[in-house]
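The next block holds one structure in the form of structure tokens; read it before the comments.
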Amino acid sequence: MIPPVRRPRRLRTNPAIRRLVAETRVHPAQLLLPVFVADGLDEPRPISSMPGVVQHTLDSVRAEASRAVEAGIGGLVVFGVPEPDDKDAAGSAGYADDGILNRALAAVRAEVGDDLVIVADTCLDEFTDHGHCGVLADDGSVANDPTVELYVRQAVTQAEAGAHFVSPSGMMDGQVAAIRSGLDLAGHTDTGILAYSAKYASAFFGPFREAVGSSLVGDRRAYQQDPANRREGRLEASLDELEGADILMVKPAGPYLDVLADVAAWSRIPVAAYQVSGEYAMIAAAAERGWIDRQAALLESTTAIVRAGADIVLTYAALELAGWLR
Ligand code: PBG
């Protein structure tokens, strides 16, 4: 045969060459670890659908935060899980100064100061007795504008508790602009907004419902995006950029790499992607059965998310990955 002129295999010959020509490198500093902090717990409680992930106590989340500093990851995204009796129709435990989320933010901030970026989840679904991300109108739909007012209130309490960033995840229209001006008027001009911009109504959020003890019956299709829509992801992300977001986010990550690549292609601000609970659970479960290599699958999926354009990745495996990537 005529020998091929180009032999792409040459650059795959050995690990040193492959390392030299790798187009994508994942670094621990770009990883954010989501953590769940539950009220009224004496010790951490495992989340059965997310092997290796727990609901933390205020003490154990502080220890996790110091491990995160050690590991050199970028930061934590803090979610609060109230006691069931503290839920109500307006999700008021979500913006009470002494609510579990604000206490957790203060505890983590006291532990790590500015050594990590502390991101607060800004949403009401963990705190409402109906499980939706906002307050309901008379017809049972989630009322956009009254919900946004509560997000503003929640964001201000989170800044006061010590969050460096708030992260509105409820997909209400106008939420980023309202939170930006609310924070500014309260004097929190340096508190950033990590906006869940293109967030899809996804089946891959399943295990998260267990993680936060969600009360939701039904779905969020009237506010989160339709998985069928790619162009709309660009609209949502561009609105958030114009409204004052500091970082955009696409969520889930793996099944939405096209949306992520679109947003990353034109965004002038950093872009994050969230490898959500179901993406993590699928890998963890298959690995437990010996059907997949946990380490290889976590490294590959994270690399693919960065390759598609993410500057920042939220992943439940952040600490494990940091250990492997060192
Ligand atoms: C809502 C919220 C959800 C997740 C993060 N924030 C759930 C939802 O929108 O139904 C999902 C994260 C995951 O699945 O890992 N505040």
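For this chain, numbers begin at 1 and follow the sequence in order. Small disclaimer: the values here were computed from a predicted structure and weren't measured. Just follow the structure's listing: the first ligand is 1, and inside any ligand the first atom is 1. When reading the values below, keep in mind they use all heavy atoms of this one structure, side chains included, and skip hydrogens, waters and symmetry mates.
In plain terms, the two heavy atoms of P207 and S277 that are nearest each other are CD-OG, 3.5 Å.
Remark: Y200 engages Y256 in a ring-ring contact (aromatic ring centres under 6.0 Å, His included) (not counting sequence neighbours).
Applying the 4.0 Å criterion to heavy atoms of S169 picks out, from ligand 1, the atoms 1 (C), 6 (N), 16 (N). The ligand atoms of ligand 1 that sit less than 4.0 angstrom from a heavy atom of D125 are 1 (C), 16 (N). Those atoms of ligand 1 with a heavy atom of Y316 less than 4.0 angstrom away are 12 (C), 13 (C), 15 (O). Taking every heavy atom of Y274 and a limit of under 4.0 angstrom, the matching atoms of ligand 1 come to 12 (C), 15 (O).
By the 4.5 Å heavy-atom criterion applied to side chains, S301 and Q275 are counted as neighbours.
Only the side chain of D121 comes within 4.0 Å of ligand 1, judged by heavy-atom distances.
At least one heavy atom of K251 sits less than 4.0 Å from an atom of ligand 1. Using a 4.0 Å cutoff on heavy atoms, F79 counts as a contact of ligand 1. Contact between R209 and ligand 1 is present, with at least one heavy atom of the residue lying under 4.0 Å from the ligand.
By the 30° and 60° cut-offs, the orientation of the rings of H132 relative to Y223 is perpendicular.
What sits closest to atom 2 (C) of ligand 1 on the protein, heavy atoms only, is K199 NZ, 3.2 Å. In this structure, atom 14 (O) of ligand 1 lies nearest to the protein heavy atom S277 OG, 2.7 Å.
For the residue pair S48/E210, the side-chain donor-acceptor check at 3.5 Å is satisfied.
Sorted by first then second residue, the salt bridge (charged side-chain N to carboxylate O under 4.0 Å, His left out) pairs that include residues 87-103, not counting sequence neighbours, are D39-R103.
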